Amino acid sequence: MSPHAAGRRRVPRSVATGLPLALAAALVATGTATAAPSGDARVVRTAVLGEIPLGAFSNALLTGSVADDHGVKLGGIGSDIYPAGRRGEYWTVTDRGPNGQIKVDGKKRRTFPVPGFDPAIVRIRVSGETVRVLDAIPLTTSSGKAVTGLPNLGSRDEAPYTYDAGTPLPYDPNGLDTEGIVRAGDGSFWLVDEYGPSLVHVSARGRVLARYVPKGLALTGADYPVVEALPSVLLHRRTNRGFEGLALLPGGDLVMALQSPLSLPDADAGGASRTTRLLRFSPREKAVTAEYAYRFDPVGVVDPGEDDTSELKISSVVAVGRDRLLVEERTDRAARLQLVRLRDRSDILGGPWDDDTTSPSLEQLEDPAAAGVPVLSKRLVVDLGQVAGVPGKIEGIARVDHDTLALVNDNDFGMTDGAGAFDARGRLVDSGVETTVVYVRLPRKL
């Protein structure tokens, strides 16, 4: 997570009282943003989620799952957004829950202040300047237990700690750091996860039906089916940078986006690289059927003033045709949407770039196209950093109609990093960053 609240205007929150089991909640509006110059993309609606205590939210789904929410409110639902079939209604998904980092003896520790939090699928309605939680579905294991958002493996994931970084927490092989979401025609959901990285099939009521992970991951002890069906090269995913974007193509195939370049052959190479990967998965064949090389623009182009290439990420991919995708390139402060076409001739699946002994690796190539890699071509659709009223850290994008997009940010549950994230009583010092849905109208049809 990022302490992205610095310098941002704090907006007062309304308090949702008497939270019903249906989890409907009112929100407070911030008002509509100022329009951009005529002919450019512009924000046409803004809505903000109000306060819902995280403990009340979670315990209404799974009784007794959260003993103490440390004053944290529901947030993090901006990990993705997907149309729910009715005008203004969307499916969203939380990530792994509130988490931060605190330095202890010069080393950062990953904190989980609400370790009992269970990632959830949340249905919302946007109406004018309000967002309401209509329903929520807890993610559960085969035996009905919470999956939690805790890391899976000590050999691959950061060690989890309590809110004050003082006490270690257990790893959980069931844990998921959920990000992208789509809903299939049969009512089930597909999610992507950063830990594995993995693709997760979930029933209409939230039970994990199968988790597809890279070959060789050797995840044992999970209380749901784990299938090693993804390329083993994905074992080199950067920490906290697994799959983040997910799209459902009209024919039923899924496209997963790796948030950042692989750490191949090492973290330094991955942090300096501008080449990440998209994978196509067939639910019918239960297998990856294609892989594509995607090239970021230079970080200073995506986010003027930023010079750290490792800040580049893909957070959302949206199908806009049989083989066309909108791809969001972003940092925590800025984002640009690119249009790409998935072509058969761009498929690199099973070739030398999936072999982790290939040297130089795909991630090390200064100019992959010049080296013969069929990098996906792309065209800029909109620079969201130039659109007044778009918040930072946009992680979810949905298509509303032919020229309008719904965007949602990840507010990190109001958390910041550092020892000051909680007061002396162990209550959250809220960042003031709201979960915000904005509608952006594009200057031309998609």
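Nothing here was measured: the structure is a model prediction, and the numbers come from that model. Both backbone and side-chain heavy atoms feed into the values below; hydrogens, waters and symmetry mates do not.
A salt bridge is defined here as a Lys NZ or Arg NE, NH1 or NH2 lying under 4.0 Å from an Asp or Glu carboxylate O, and Asp423 with Arg425 meets this definition.
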Trace of the side-chain hydrogen bond (donor to acceptor under 3.5 Å, both in side chains) decision for Ser315 with Glu244: CA-CA 5 Å; Ser315 277; Glu244 180 135 331; 2.7 Å; yes
After noting the C-alpha distance and the side-chain angles of Ser143 and Asp223, does the key distance pass the side-chain hydrogen bond (donor to acceptor under 3.5 Å, both in side chains) rule? CA-CA 7 Å; Ser143 61; Asp223 184 26; 2.4 Å; yes
Please assess Asp135 against Arg123 for the test salt bridge (charged side-chain N to carboxylate O under 4.0 Å, His left out), listing each intermediate value before the final yes or no. CA-CA 5 Å; Asp135 195 9; Arg123 186 167 181 158; over 6 Å; no
Applying salt bridge (charged side-chain N to carboxylate O under 4.0 Å, His left out) to Glu363 and Arg274, what does each step give before you reach the verdict? CA-CA 7 Å; Glu363 289 69 24; Arg274 290 198 286 121; over 6 Å; no
Are Arg427 and Asp69 close enough, and set up right, to give a salt bridge (charged side-chain N to carboxylate O under 4.0 Å, His left out), and what steps lead you there? CA-CA 8 Å; Arg427 315 312 288 171; Asp69 64 14; 3.6 Å; yes
Given Tyr294 and Glu329, is the side-chain hydrogen bond (donor to acceptor under 3.5 Å, both in side chains) satisfied, shown in steps? CA-CA 10 Å; Tyr294 182 90; Glu329 297 183 22; 2.5 Å; yes
Stepwise, does the salt bridge (charged side-chain N to carboxylate O under 4.0 Å, His left out) test hold for Lys378 with Asp297? CA-CA 10 Å; Lys378 62 185 185 180; Asp297 283 343; 3.1 Å; yes
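Here the OG1-NZ distance, from Thr276 to Lys313, works out to 13.0 Å after rounding to the nearest 0.5 Å. If you take CG on Asn174 and CZ on Arg211, they are separated by 8.5 Å, rounding to the nearest 0.5 Å.
In this structure, Thr162 and Pro113 have side chains that are not in contact, with every pair of non-hydrogen atoms separated by 4.5 Å or more. Taking the side chain as every heavy atom from C-beta outward, Arg237 and Glu194 never approach each other to under 4.5 Å. Trp190 has its side chain within reach of Tyr212: a pair of non-hydrogen atoms, C-beta onward, lies under 4.5 Å apart. Between Pro119 and Ser79 the shortest side-chain heavy-atom distance does not fall below 4.5 Å. Residues Thr416 and Val429 form no side-chain contact, since every pair of their non-hydrogen atoms from C-beta on lies 4.5 Å or further apart. The side-chain heavy atoms of Leu246 and Val255, taken from C-beta on, include no pair separated by under 4.5 Å. Using a 4.5 Å cut-off on side-chain heavy atoms (C-beta onward), Ile102 and Asp417 make no contact. Taking 4.5 Å as the limit, every side-chain heavy atom of Glu179 sits out of range of all side-chain heavy atoms of Val93.
Heavy atoms of other residues, nucleotides or ligands lying less than 6.0 angstrom from CZ of Arg125 number 12 at most. Heavy-atom contacts from other residues, nucleotides or ligands closer than 6.0 Å to CD of Glu366 number 12 or fewer.
Between the side chains of Asp172 and Thr148, a donor-acceptor pair is found at a separation under 3.5 Å. Looking at Arg238 and Ser263, their side chains never bring a donor and an acceptor atom within 3.5 Å of each other. Side-chain contact of Glu306 with Thr331: a donor-acceptor pair under 3.5 Å is absent, judged by distance alone. A donor-acceptor contact closer than 3.5 angstrom is absent between the side chains of Arg207 and Thr140.
Among all heavy-atom pairs drawn from Glu158 and Pro151, the shortest one is O-CG, 3.4 Å. Pairing each heavy atom of Ala165 with each of Val104, the nearest pair is CB-CG2, 4.0 Å. Contact record, Arg241 with Leu258: O-CD1, 4.1 Å, taken as the closest heavy-atom pair.
A donor-acceptor pair is defined here as one N or O able to donate and one able to accept, closer than 3.5 Å; such a pair exists between the side chain of Asp157 and the backbone of Asn152.
Geometric assessment of Arg45 against the ring of Tyr439 yields a positive cation-pi assignment under the 6.0 Å and 45° thresholds.
Checked against the 6.0 Å centroid threshold, Tyr161 and Phe112 do not count as a close aromatic pair. In this structure, Phe413 has its ring center under 6.0 Å from that of Phe117.
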